[in-house]
Amino acid sequence: MSKPIDPAEFAADGPLYAARKKVYPQSVSGTFRNIKWALMAVCLGIYYLLPFVRWDRGPQAPNQAVLVDFPNSRFYFFFIELWPQEVYYFTGLLIVAAMALFLMNAIGGRIWCGYLCPQTVWTDLFYAVERWIEGDRRERIRKDKGRLSLRRAGEVTAKHSIWLLIAWWTGGAWVLYFADAPTLVWQLATFQAPFVAYLWIGILTFTTYTLAGFMREQVCTYMCPWPRIQAALTDEWALNVTYRYDRGEPRTSVKKAEELRAQNLPAGDCVDCNQCVAVCPTGIDIRNGAQLECIMCGLCIDACDNVMTKVGRPTGLIAYDTDINIKRRLEGKTNVFRLVRPRTIIYSAIILLVGAIMLYTLATRSFLDISVLHDRNPLAVRLSDGSVRNAYTVRFLNKQSHYRTVALDVLGLPDAKVQVVGSDAAVEGRPYIVIGPDQTTEMRVLVTVPATAKLDKSTDIEFRISDTDVRETASARDHFILP
Ligand code: SF4
Ligand code: SF4
C-alpha cells in the first residue's frame, strides 16, 4: 500500500502562490546588449515602417508592399500575391517558422525569447523609457519607496504618457497592414476611418501598455507556453547562458580571493558582486543554474564580463556554454561544442525542403484557373430533337493584373456543342471569354451532344481554358450525364 500523503511535507515546500517581486533591471553595456539594441532597432523599424513601403503591381492592383486585403480576399507580399485558395502557403510558412524556432533552440536555447520575441523587444523599449525618465536601478528603487512629490508625479506622468504613445503607435501600425497605409493614416487623423480600425488600435494599445509596461517578465514566466515546450525539446548540447561554476566557485570577495591565491588556496573568480542579478530583466540569479525564468538574453554575461575586466580576471565566467563542458573541464578535459548533430540537421533539412517546395510551387504556379459545378437539378435535359444538354456553373480565374481572353474547350465529348450563356464571342464554335484583371468571372455553360452520340450513362469530361497569347492553360474535370 502506498504511503499516505503528509500535508506537512507539502507545507515544507512552501506556498504554491508567490507574490511578485518587482524587478528593477540595471543598465549594462557590452556585446549582447549591443546585439539586443541592434535587433530591437531592426524589428521595430520593420514593424512600424513596412506598411509605408510601396511596390508597383500595375494600375489595377494595390501598390502597398505588404497588405492583407480582406475585402478582396488577397494577401500581398512584395512580388507575391496569394488568393484564398492558396492559403496552404501559410501552412508551409508556419512549418518553417516552427522548425526555425526548434533550430534556434537546439543551437542556442531560448535565443528567440532573449532577442526577438515581441514581448522582450517591447518590454526592453519600455524599460529604456523608464530608465531615461526615472534613472537607473538604484534611483528607481529609491523613488518607488519615497514619497510622492510634484517632481515624482511629473516623472510618472511623463513615463506613462510615452508608454501610451508607443503602445498607441504599435496598435496604429498594426491596422496599416490591412488597408492602404497613407490613406488610412489620413482617415484616422480626420476621424473618417472605419470603426474597426479604432477598435483594433484600442485593443493593441491596451495590450502593449499592459504587457510591456506592467506584466513584463511575468508573461514569460507564467503565461507563455514556450519555456515549458522548450525545456522538453532541448538537449545537453544546446548552448545556454551558463554560470561556469567550475571557474567561479568558491566565490568570495576580490580581496579575500587575492589572499587565498597568495596562499595557494582555491579561490573562484566570482566576486559575489551580484551585478549579474542586478541587470537581469527577470530578476534571477544565473549562478543557481538553469531556470525557467531565464530568457537567455545574455545581459548577465555583459555584466559579469565588465566585472571580470575591472578585477583583472579573464572574461567568460558567465557564457553560452553547456553543463557537459563544465563537467569535462572539472575532469581536466577540453571543451566540446556540437552544433551539427542529428536534430540540427533534421530541423535544417525540413526548413530547406519546405522552403524549396514553397519556392518551386510559387515560381511555377498558374495565373489562370477554372472550377466547374454541375447543375444538380436537373442533371440532364433531353431536347425536342433528341439531343441531350447538361448545364454547369463555371468559375474562371485570372490572377494577372491585366485583361485576358481565353478560349473554352470541353474535351471527352465528340461533336459536343459548347455555349456560354450571355456571351456570343466564339470562333468556329469555340467560345471566348474575357476575364478582368485579378478577378474571377462566373458563367453558366451549356454542353449539348447530338441524339446520335453513343455515350455511357456518365462520361468523364474536361473543361479547358487556354490563353493563346502566353500559352497558359488550366483545366477542371466533371461528368456529362445522360437522362
Ligand atoms: S557578475 Fe560575475 S562576479 Fe559578479 S556575482 Fe555575478 S557571476 Fe559573480
Ligand atoms: S539570467 Fe542572464 S540570460 Fe537569463 S534572463 Fe537573466 S540576464 Fe538574461
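A quick note: this is a predicted structure, and the numbers were derived from the prediction, not measured.
The two residues Gln291 and Ile286 make their nearest non-hydrogen contact at NE2-CA, 4.0 Å. Here the closest heavy-atom approach between residue Pro281 and residue Tyr127 is recorded as O-OH, 4.1 Å. Here the shortest heavy-atom pairing between Leu260 and Pro266 reads CD1-O, 3.9 Å. Of all the heavy atoms in Tyr177 and Gln64, the pair that sits closest is CA-NE2, 4.3 Å. Closest approach of Asp285 and Cys276 over heavy atoms only: OD1-SG, 4.4 Å. Residue Val241 comes nearest to Met296 through the heavy atom pair N-SD, 3.2 Å, listed as atom of the first residue, atom of the second, then distance.
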Should Met99 and Val354 be marked as a side chain to side chain contact (heavy atoms under 4.5 Å, CB included) after you check the CA-CA gap, both sets of side-chain angles, and the distance that decides it? CA-CA 10 Å; Met99 288 302 130; Val354 177; over 6 Å; no
Walk me through it: do Tyr243 and Asn288 pass the test side chain to side chain contact (heavy atoms under 4.5 Å, CB included)? CA-CA 8 Å; Tyr243 167 63; Asn288 295 336; over 6 Å; no
From CA spacing to verdict: side chain to side chain contact (heavy atoms under 4.5 Å, CB included), Lys36, Cys297: CA-CA 8 Å; Lys36 274 172 74 69; Cys297 63; 4.0 Å; yes
With side-chain hydrogen bond (donor to acceptor under 3.5 Å, both in side chains) as the criterion, how do Thr170 and Tyr48 come out once you've worked through the C-alpha distance, each side chain's angles and the decisive distance to 0.1 Å? CA-CA 7 Å; Thr170 305; Tyr48 290 124; 2.8 Å; yes
Between Val66 and Val53, does a side chain to side chain contact (heavy atoms under 4.5 Å, CB included) hold up when you go through it step by step? CA-CA 8 Å; Val66 180; Val53 176; over 6 Å; no
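Remark: Arg57 fails to qualify as a cation-pi partner of Phe79 under the 6.0 Å distance and 45° angle criteria applied to the six-membered ring.
Panel note: side chain Thr207, backbone Ile203; a donor-acceptor pair is recorded below 3.5 Å. A donor-acceptor distance shorter than 3.5 angstrom exists from the side chain of Thr120 to the backbone of Cys113, with no hydrogens or angles considered. Using a distance-only test at 3.5 Å, with no hydrogens or angles considered, a donor-acceptor pair links the side chain of Trp163 to the main chain of Phe126. Between the side chain of Thr344 and the backbone N or O of Arg341 there is at least one donor-acceptor pair closer than 3.5 Å. Judged purely by atom type and a 3.5 angstrom limit, Thr208 has no side-chain atom pairing as donor or acceptor with the backbone of Thr205. For the pair Asp302 (side chain) and Thr31 (backbone), a donor-acceptor distance under 3.5 Å is present. When atom types are taken as modelled, the side chain of Arg251 and the backbone of Val271 share no donor-acceptor pair closer than 3.5 angstrom. Side-chain atoms of Lys145 never come within 3.5 Å of backbone atoms of Arg140 as a donor-acceptor pair (strictly under, hydrogens ignored). When atom types are taken as modelled, the side chain of Thr242 and the backbone of Asn240 share a donor-acceptor pair closer than 3.5 angstrom.
Donor-acceptor pairing under 3.5 Å is recorded for the side chains of Asp144 and Tyr24. Side-chain contact, Glu442 with Thr393: no donor N or O sits under 3.5 Å from an acceptor N or O. Looking only at atom types and distance, the side chain of Thr123 has a donor-acceptor partner in the side chain of Gln119 under 3.5 Å away. For the residue pair Asp136/Ser27, the side-chain donor-acceptor check at 3.5 Å is satisfied. Between Asn105 and Arg110, the side chains place no donor N or O within less than 3.5 Å of an acceptor N or O (distance only, hydrogens not considered). Arg395 and Thr440 share a side-chain donor-acceptor pair at under 3.5 Å. For the 3.5 Å distance criterion, the side chains of Ser475 and Glu462 qualify, holding a donor opposite an acceptor.
Counting only heavy atoms from C-beta outward, the side chains of Asn306 and Ser29 approach each other to under 4.5 Å. Taking the side chain as every heavy atom from C-beta outward, Val277 and Ile284 never approach each other to under 4.5 Å. Considering only heavy atoms from C-beta on, Trp168 stays 4.5 Å or farther from Leu204 through its side chain. Proximity of Arg20 to Arg216: side-chain heavy atoms (C-beta onward) are separated by under 4.5 Å at one or more points.
Using a 30° and 60° split on the angle between ring planes, Phe214 and His160 fall in the parallel class, below 30°. A perpendicular orientation is assigned to the rings of Trp122 and Tyr47, their planes being inclined by more than 60° (bins at 30° and 60°). Between Phe70 and Phe178, the ring-plane angle classifies as parallel under the 30° and 60° cut-offs.
Taking 4.0 Å as the cut-off between side-chain N and carboxylate O, Asp321 and Arg244 count as a salt-bridged pair. With respect to Asp235 and Arg343, a salt bridge is recorded, a charged nitrogen being found less than 4.0 Å from a carboxylate O. Here Glu155 pairs with Arg152 in a salt bridge; the nearest charged N to carboxylate O distance falls below 4.0 Å. Salt bridge present: Asp269 and Arg247 bring a charged side-chain N and a carboxylate O closer than 4.0 Å. Taking a cutoff of 4.0 Å between a charged side-chain nitrogen and a carboxylate oxygen, Asp180 and Arg54 qualify as a salt bridge. Taking the charged nitrogens against the carboxylate oxygens, Asp124 and Arg33 do have a contact shorter than 4.0 Å, which makes a salt bridge. A salt bridge links Arg74 with Glu81: the closest approach of a Lys/Arg side-chain nitrogen to an acidic carboxylate oxygen falls below 4.0 angstrom.
Within 6.0 Å of CZ in Arg228 there are more than 12 heavy atoms belonging to other residues, nucleotides or ligands. Counting heavy-atom neighbours within 6.0 Å of Phe77 CZ, excluding the residue itself, gives a total of 12 or less. Heavy-atom contacts from other residues, nucleotides or ligands closer than 6.0 Å to CH2 of Trp174 number 12 or fewer.
Note: Ile370 CD1 to Asn398 CG = 13.0 Å, rounded to the nearest 0.5 Å.
Of the options Arg142, Lys143, Lys159, a side chain to side chain donor-acceptor pair (under 3.5 Å) to Glu134 is made by Lys159 and by none of the others.
For Tyr320 and Phe32, the ring centers are positioned less than 6.0 Å apart. Ring centers of Tyr89 and Phe75: at least 6.0 Å apart, outside the cut-off.
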